[in-house]
Asker: 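Encoded as structure tokens, here's the structure I'll be asking about.
All values below come from the heavy atoms of this structure, side chains included, with hydrogens, waters and symmetry mates left out. Just so it is clear: chains get the letters A, B, ... in the order the sequence lines come, proteins before strands, and each one is counted from 1.
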Amino acid sequence: MAVLLLADVNGGQLATDSVAKTLSAVKSLGEVHVLVAGAGAEAAAAEAAKLDGVSKVLLAGATDYSHGMAEATAALIVGLAPGYAHVAAASTAAAKNVLPRVAALLDVMMITDITAVVDADTFERPIYAGNAIQTVKSSDKIKVFTVRTATFGAVAATGAAAVETISGETAAGLSTWVEDKVAASDRPELTSAKIVVSGGRGVGSEADFALIEKLADKLGAAVGASRAAVDSGFAPNDWQVGQTGKVVAPELYVAVGISGAIQHLAGMKDSKIIVAINKDEEAPIFQVADFGLVADLFTAVPELAEKL
Amino acid sequence: MKVLVPVKRVIDYNVKVRVKADGSGVDLANVKMSMNPFDEIAVEEAIRLKEKGAATEIVVVSVGVKQAQETLRTALAMGADRAILVVAAEDVHTDIEPLAVAKIIAKVAAEEQPGLIITGKQAIDNDMNATGQMVAALLGWAQASFASAVEIAGDAAKVTREVDGGLQTIEVKLPAVITADLRLNEPRYASLPNIMKAKKKELAEKTAADYGVDVSPRLTVVKTAEPAGRAAGIKVGSVDELIGKLKDAGVI
Ligand SMILES: Cc1cc2nc3c(=O)[nH]c(=O)nc-3n(C[C@H](O)[C@H](O)[C@H](O)COP(=O)(O)OP(=O)(O)OC[C@H]3O[C@@H](n4cnc5c(N)ncnc54)[C@H](O)[C@@H]3O)c2cc1C
Ligand SMILES: Nc1ncnc2c1ncn2[C@@H]1O[C@H](COP(=O)(O)O)[C@@H](O)[C@H]1O
């Protein structure tokens, strides 16, 4: 039996990196069909068709499926699901919105944020903000799960799968899309960046967050933030790294003015090299840092940006 | 409009979690337990809707062990009107899966007929992020997950959602399920007089069997392990030394 992989599409663009990493996570489970849903997603479907390991792309182009609307998208997937043993997606906000709805309609459990596929029924996933790793075996007929992509490599794009146009159920009248407020950025995307520079409450203000951004730009890095920095209005919500924000595992993670609460560590402790800059030498972040610099960020960060 | 808020009793978010040596799970004996932080936010939002006149009654419900009574009392002390405890397990180590919890909540909703259900976005113990969406599915209602702002207007709710690229606004027809994200509000503390008053509020006790829901798990826990630790790092004395180390490590 095959795997149905729901692709994340934003503004007509495929989230290629997350789909490519999810493909490498699920490739041992059988042939993979990628579902691209929403109006104006033809280019995204064509892009998905190139990814290795994809045997077919299903393009459901009705506007009901645009903007990741949960009710219609779930209805579409439930209609397709009987043909599959696994329904999967990258652990994005969009998939976490839709797939639990699918699971309940199929009367199966949701398996969120898997970090390893052990066999067709068995998966590993972190619980308690990553303080424990649970191995679970599902007895459900269809396994519905999301994949934490941070620790998987991306498959290459040398394929040429067929794109099949499909239609399906919708869920008229339950909800309507009003607007998306998505900031365009020239910086790399947080979850796929090789380097991430994050700022915390210690940065002190929205204006001073420019120090973090300048260092990030010097390194060609994405910018992240702690919850405290986001709550204080220094940084937008989609920069939050942690248990309830984004999970990242870049080559280099630089934490500036971040204390290292478990909820923050949950989102970055699998990074290859961790650097911490903090004026408190007792800050817990130093326990996970490969290189710790006890310093005032207002002198250390500009100096670092200048010398790089 | 009646608002139903499911609240979960979980390990307090400040407690350092310990995995049991035999790999059978996490040690919850004699550990501080609290209301799931996202559920405090959900309760707070319901209270604010009532204060604004958009809600008339707030019913909180918890599924789990008998001790979840304390969690419900906390919600009553914050300002909820009435509580329902659904006992579905005896051992504090038994976690009822989101699918079973959702089935029970859906049954409670069928009885109570709320105009809105507000759940937390995720329980910080199992980190599943599923129950609210599942409740909406089972009831055939609209859902607005990861809410950071809620506005009730007539028979609809306008909800701002925290999504990966920023914010999304949608409008859902009521009745609906909303799941609360961190920035929806800052929950209040219960005052002492309100804690006293909460002791007299109604707390009904039911069982999963009363709702005819089978709570046996679909996922068997094969094992629970500690995550891989990180090797101890070093402190560097200057920015120059840091740059040197990063160059040696080949990351810049
Ligand atoms: C349910 C729940 C979910 C959560 N989810 C997340 C999440 O996803 N992500 C997340 O990050 N947090 C999350 N949190 C919050 C988390 O518990 C912490 O409160 C938060 O991470 C703290 O952010 P911080 O380190 O920036 O702030 P603080 O803990 O206040 O630390 C600020 C640090 O800056 C340092 N500092 C101050 N001034 C300077 C200076 N001039 N130079 C150098 N250093 C300086 C201080 O020494 C301190 O260590 C969550 C909490 C809960 C309850
Ligand atoms: N046992 C439970 N009792 C009451 N509410 C629950 C229970 N489990 C989950 N919930 C609700 O569902 C939300 C999401 O939980 P979860 O899907 O387990 O991450 C929580 O924030 C609660 O509002």
Asker: Report, as yes or no, whether the 6.0 Å neighbourhood of atom NZ on Lys235(B) holds more than 12 heavy atoms from other residues, nucleotides or ligands.
Answerer: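 Above 12, so yes.
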Asker: Do Arg218(B) and Ser138(A) have side chains that approach each other closer than 4.5 Å (heavy atoms only, starting at C-beta)?
Answerer: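 A side-chain contact under 4.5 Å is absent here.
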Asker: For Ile243(B) and Leu304(A), run side-chain contact (heavy atoms from CB on, under 4.5 Å): C-alpha distance rounded to whole Å, both residues' side-chain angles, the deciding distance at 0.1 Å, then the answer.
Answerer: CA-CA 8 Å; Ile243(B) 292 173; Leu304(A) 183 57; 3.6 Å; yes
Asker: What part of Phe123(A) is in contact with chain B, defined as an atom under 4.5 angstrom from a non-hydrogen atom: side chain, backbone, both or neither?
Answerer: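 For Phe123(A), there is no contact with chain B at all, as no heavy atom is under 4.5 Å.
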Asker: For Lys194(A), is it the side chain, the backbone, both, or neither that has a heavy atom closer than 4.5 Å to a heavy atom of chain B?
Answerer: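 Neither part; nothing is under 4.5 Å.
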Asker: Please check: side-chain N/O of Lys121(B) versus main-chain N/O of Thr244(A), any donor-acceptor pairing under 3.5 Å?
Answerer: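 The answer is yes, because a donor-acceptor pair under 3.5 Å joins these two groups.
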Asker: Identify the two heavy atoms, one from Ala132(A) and one from Thr224(B), that lie closest to each other, and give their separation to 0.1 Å.
Answerer: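 Nearest heavy atoms, Ala132(A) then Thr224(B): CB-CG2, 3.9 Å.
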Asker: Which region of Asp107(A), side chain (C-beta onward) or backbone (N, CA, C, O), has a non-hydrogen atom less than 4.5 Å from a non-hydrogen atom of chain B, or is it both or neither?
Answerer: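 Both parts, backbone and side chain.
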Asker: Using non-hydrogen atoms and a 4.5 Å limit, figure out which bit of Arg125(A) sits close to chain B: side chain, backbone, both or neither.
Answerer: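 For Arg125(A), the side chain is the part near chain B, not the backbone.
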Asker: Counting only heavy atoms closer than 4.5 Å, note whether Gln240(A) contacts chain B via side chain, backbone, both or neither.
Answerer: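 Only the side chain of Gln240(A) comes within 4.5 Å of chain B.
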Asker: Go through the atoms of Ala300(A) and report whether side chain, backbone, both or neither lie under 4.5 Å from a heavy atom of chain B.
Answerer: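 For Ala300(A), the contact with chain B is made by backbone and side chain together.
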Asker: Do Leu246(B) and Ile273(A) make a side-chain contact, defined as non-hydrogen atoms from C-beta onward lying under 4.5 Å apart?
Answerer: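 Yes; the side chains approach each other to less than 4.5 Å.
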Asker: Side chains of Arg230(B) and Gln287(A): closer than 4.5 Å at any heavy-atom pair?
Answerer: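 Result no, sub-4.5 Å side-chain heavy-atom pair not found.
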Asker: Which answer fits Leu293(A), side chain, backbone, both or neither, if we ask what part of it has an atom under 4.5 Å from a heavy atom of chain B?
Answerer: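 Answer is both: backbone and side chain atoms of Leu293(A) are under 4.5 Å from chain B.
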Asker: With respect to chain B, which residue among Val294(A), Asn10(A), Ile274(A), Val275(A) yields the maximal number of heavy-atom pairs within a distance under 4.5 Å?
Answerer: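 Most pairs with chain B among the choices: Ile274(A).
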Asker: Taking the side chain as everything from C-beta on, heavy atoms only, tell me whether Asn97(A) gets closer than 4.5 Å to Arg161(B).
Answerer: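 Yes - at least one pair of side-chain heavy atoms lies under 4.5 Å apart.
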Asker: Just so I understand: if I count every heavy-atom pair under 4.5 Å between each of Asp140(A), Leu105(A), Val118(A) and chain B, which residue has the most?
Answerer: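 Option with the top pair count is Asp140(A).
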Asker: Heavy-atom distances under 4.5 Å only: say whether Ser238(B) touches chain A with side chain, backbone, both or neither.
Answerer: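 When you check distances to chain A, only backbone atoms of Ser238(B) fall under 4.5 Å.
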Asker: With a 4.5 angstrom heavy-atom cut-off, could you sort out which part of Gln263(A) is near chain B: side chain, backbone, both or neither?
Answerer: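 Gln263(A) touches chain B through side-chain heavy atoms alone.
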Asker: Any non-hydrogen side-chain atom of Lys16(B) less than 4.5 Å from a side-chain atom of Asn131(A)?
Answerer: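 With C-beta onward as the side chain, the pair touches.
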Asker: State, with a plain yes or no, whether a side-chain heavy atom of Asp127(B) is found less than 4.5 Å away from one of Thr112(A).
Answerer: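 Sidechains of Thr112(A) and Asp127(B): no contact.
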Asker: Would you check if there is a donor-acceptor pair between the side chains of Asn126(B) and Gln134(A) at a distance under 3.5 Å?
Answerer: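 No.
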Asker: Would you call Thr160(B) and Lys181(A) a side-chain contact if the rule is heavy atoms closer than 4.5 Å?
Answerer: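 Sidechains of Lys181(A) and Thr160(B): no contact.
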Asker: Assess whether a salt bridge exists between Lys96(A) and Asp164(B), defined as any Lys/Arg side-chain N lying under 4.0 Å from an Asp/Glu carboxylate O.
Answerer: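 No.
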